[in-house]
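Please read the structure below before turning to the comments.
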Amino acid sequence: PSSYVSLLQEFAKKRALAEGKQVHAHVLKTGYEGNGWIGNKLVYMYIKCGSLKDARQVFDKMSQRNAFLWSMVVGAYARARFWEDVLNLLHWMQGEGMRADDIIVPSVLKACAGLTALEQGKEVHGYIVRNGFELDIVVNNALVDMYAKCGRLQYACQVFDKMTEKDVVSWTAIIGGYAQIGDSGEALRLHSEMEFSGVKPDAITWNAMMAGFAQNGQGDEALELLNRMQLSGLKPDVNSWNAIVTGCAQNGYAEKALEAFCQMQLAGVRPN
RNA sequence: CUCGUUGUCGACA
């Protein structure tokens, strides 16, 4: 087993799917498929190599699944934005008598956010309170984001205001939420408050604001933010520009999108 | 480091 695990670990790190599959075939041939340690590593390798399908095939056949494995698989589905699968896996897990822990809960909230499933999200919130996860900053960040994505900024603020510690993710989630619903004033106000509190906005914070502004027809304000971003010492890359370009383009502001697109090239940033 | 979880725009199917 140690040999297989080392190989799988290495191929996972290298994203070497073909090699990983060869190891898998060898495992099947030598009858080690029932080994839980190897099974975990096979799932891990397939996830790292980007093959959820293969990961799932191994996962489904395993006889024992620990909390670590469940959260790894559910997290992979959340990352891939397969929201329904996240919830289906959660229900399967609970049916097997496993309790959702503080690691898996953020992935579930991410799925609720992706589905704009407010009622589901509220249920998870209740579960968080009942299980004493409310002091976990990652869980709280995911809660703020879920409420924000569901357009319920009042709920998002309730959670946000109660947080004893706020990091760049917390601030970005709430600011992005206001930007998304078109409340640019509140987004800007919170942005100032963020800097005042000593948390420095990173590229994602700026991108989230610019995207929200652009999507709500405030392309000029978004471009202004791009300038402020530069002044703060961050270099807008193609992703920052795309936040504006696609935000405008996908919401009926074609001419503004084109304008931003041209400005991007004048700034020396190549489109991707 | 056997390193599973949260924020932006995408890419991958």
Side-chain angles (χ1 to χ4, degrees), chain A residues 1-2 4-10 12-13 15 17 37-38 40-41 43-45 47-53 55 59 65-82 86 100-114 124 128 133 136-149 156 159-160 163 166-180 187 194 199 201-215 222 225 229 234 236-250 260 264 271-272:
Chain A
S2 289
Y4 289 123
V5 166
S6 303
L7 285 173
L8 290 169
Q9 180 64 32
E10 187 58 21
K13 202 162 54 181
R15 313 261 143 105
L17 181 59
W37 191 19
I38 293 176
N40 278 17
K41 277 298 166 192
V43 173
Y44 176 74
M45 180 275 294
I47 287 175
K48 287 290 175 198
C49 291
S51 183
L52 260 186
K53 221 175 159 67
F59 180 81
R65 301 177 192 86
N66 58 25
F68 189 91
L69 186 65
W70 276 106
S71 59
M72 188 163 67
V73 171
V74 170
Y77 275 90
R79 231 168 295 121
R81 304 181 180 209
F82 296 151
V86 169
D101 62 14
D102 53 338
I103 301 292
I104 212 165
V105 156
S107 292
V108 176
L109 286 169
K110 190 185 172 89
C112 296
V124 178
I128 288 165
F133 297 157
D136 187 315
I137 187 169
V138 175
V139 168
N140 278 313
N141 288 347
L143 261 181
V144 170
D145 180 57
M146 182 276 294
Y147 282 129
K149 288 240 166 63
V159 176
F160 183 80
M163 293 174 67
K166 300 174 177 89
D167 62 11
V168 64
V169 175
S170 330
W171 285 102
T172 303
I174 194 82
I175 291 171
Y178 278 108
Q180 287 291 330
M194 173 185 185
V199 180
D202 64 10
I204 296 183
T205 312
W206 290 102
N207 293 354
M209 265 196 297
M210 296 187 296
F213 282 33
Q215 286 160 20
L225 282 175
M229 177 182 178
L234 293 169
D237 62 3
V238 66
N239 296 317
S240 300
W241 283 99
N242 279 349
I244 299 177
V245 173
T246 69
C248 291
Q250 290 171 1
M264 168 172 81
N272 66 0

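Here is the naming used below: chain letters follow the sequence lines, and residue numbers restart at 1 for every chain. From a predicted model like this one, the values you see are computed outputs, not experimental measurements. Any value given below was found using the heavy atoms of this structure, including those in side chains, with hydrogens, waters and symmetry copies removed.
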Going through the distances and angles, do Lys13(A) and Lys48(A) end up as a side-chain contact (heavy atoms from CB on, under 4.5 Å)?
CA-CA 7 Å; Lys13(A) 202 162 54 181; Lys48(A) 287 290 175 198; over 6 Å; no

Under the side-chain contact (heavy atoms from CB on, under 4.5 Å) rule, what do Met210(A) and Trp241(A) come out as? Steps first, then yes or no, please.
CA-CA 9 Å; Met210(A) 296 187 296; Trp241(A) 283 99; over 6 Å; no

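Distances shown here put every side-chain N or O of Gln215(A) at or beyond 4.0 Å from the OP1 or OP2 atom of U8(B). Contact between the side-chain N/O atoms of Lys110(A) and the OP1/OP2 oxygens of G7(B) is found at a separation under 4.0 Å. For U2(B), the OP1/OP2 oxygens have no side-chain nitrogen or oxygen of Tyr44(A) closer than 4.0 Å. For G10(B), one of the phosphate oxygens OP1 or OP2 lies less than 4.0 angstrom from a side-chain nitrogen or oxygen of Gln250(A). Remark: Arg79(A) is not in phosphate contact with G4(B), judged by side-chain N or O atoms under 4.0 Å from OP1 or OP2.
Minimum heavy-atom separation, Ile244(A) to Ala222(A): CD1-O, 3.7 Å. Smallest separation of non-hydrogen atoms from Val73(A) and Ile47(A): CA-CD1, 4.1 Å.
Across the protein-nucleic acid pair, Met209(A) atom CE and U8(B) atom C1' stand 11 Å apart, rounded to whole Å. For Leu69(A) and G4(B), the CG to P distance is 12 Å, given to the nearest whole Å. Atom-to-atom, CG of Asp136(A) to C1' of U6(B) comes out at 9 Å; the value is rounded to the nearest Å. Remark: P of U5(B) and CG of Asp101(A) are 12 Å apart, rounded to the nearest angstrom. Note: CD1 (Ile47(A)) to C1' (U5(B)) measures 13 Å, nearest angstrom. Rounded to whole Å, atom P of C9(B) lies 14 Å from atom CG of Asn272(A). Atom CG of Asp237(A) and atom C1' of A11(B) are 14 Å apart (whole Å). Protein atom CG of Leu17(A) is 18 Å distant from nucleotide atom P of C12(B), rounded to whole Å.
Among the atoms of the strands shown, base atoms are found under 4.0 Å from some heavy atom of Asp102(A). Here Asn239(A) lies in heavy-atom contact (under 4.0 Å) with a base. Nucleic acid contact for Asp167(A): none, since no nucleic acid atom lies under 4.0 Å from a heavy atom of the residue. Across all strands shown, Thr205(A) has heavy atoms under 4.0 Å from base atoms, whether or not it also approaches the sugar-phosphate. Using a 4.0 Å heavy-atom cutoff across all strands shown, Asn40(A) reaches no nucleic acid atom at all. Residue contacts shown for Val5(A) are absent, as no nucleic acid heavy atom lies under 4.0 Å away. Lys41(A) comes within 4.0 angstrom of a nucleotide base, judged by non-hydrogen atoms across all strands. Using a 4.0 Å heavy-atom cutoff across all strands shown, Glu10(A) reaches no nucleic acid atom at all. Counting non-hydrogen atoms under 4.0 angstrom, Ala78(A) reaches nothing in the nucleic acid. Contacts of Lys149(A) with the nucleic acid, taken as non-hydrogen atoms under 4.0 Å apart, involve only primed sugar atoms and P, OP1 or OP2.
Figure legend: Lys41(A) and Tyr4(A) shown without cation-pi pairing, the cationic atom not lying both under 6.0 angstrom from the six-membered ring centre and within 45 degrees of its axis.
How far OG1 of Thr172(A) is from CG of Asn207(A): 9.5 Å, rounded to the nearest 0.5 Å.
Comparing Arg81(A) and Trp70(A) against RNA chain B, the residue whose closest nucleotide sits nearer the 5' end is Trp70(A).
With G7(B), U6(B), C9(B) as the candidates, the nucleotide lying closest to the side chain of Ala173(A) is G7(B). Between G7(B), U8(B), G4(B), one nucleotide has an atom nearer to the side chain of Ile103(A) than all others, and that is G4(B). Among the nucleotides G7(B), U6(B), C9(B), the one closest to the side chain of Ala211(A) is C9(B). For Lys13(A), counting side-chain heavy atoms from C-beta on, the closest listed nucleotide (C1(B), U6(B), U2(B)) is C1(B). Proximity note for Gln9(A) (side chain, C-beta onward) versus G7(B), U2(B), G10(B): the nearest is U2(B).
Each of Thr205(A), Val144(A), Val199(A) was compared with Trp171(A) under the side-chain contact (heavy atoms from CB on, under 4.5 Å) criterion, and only Val199(A) meets it.
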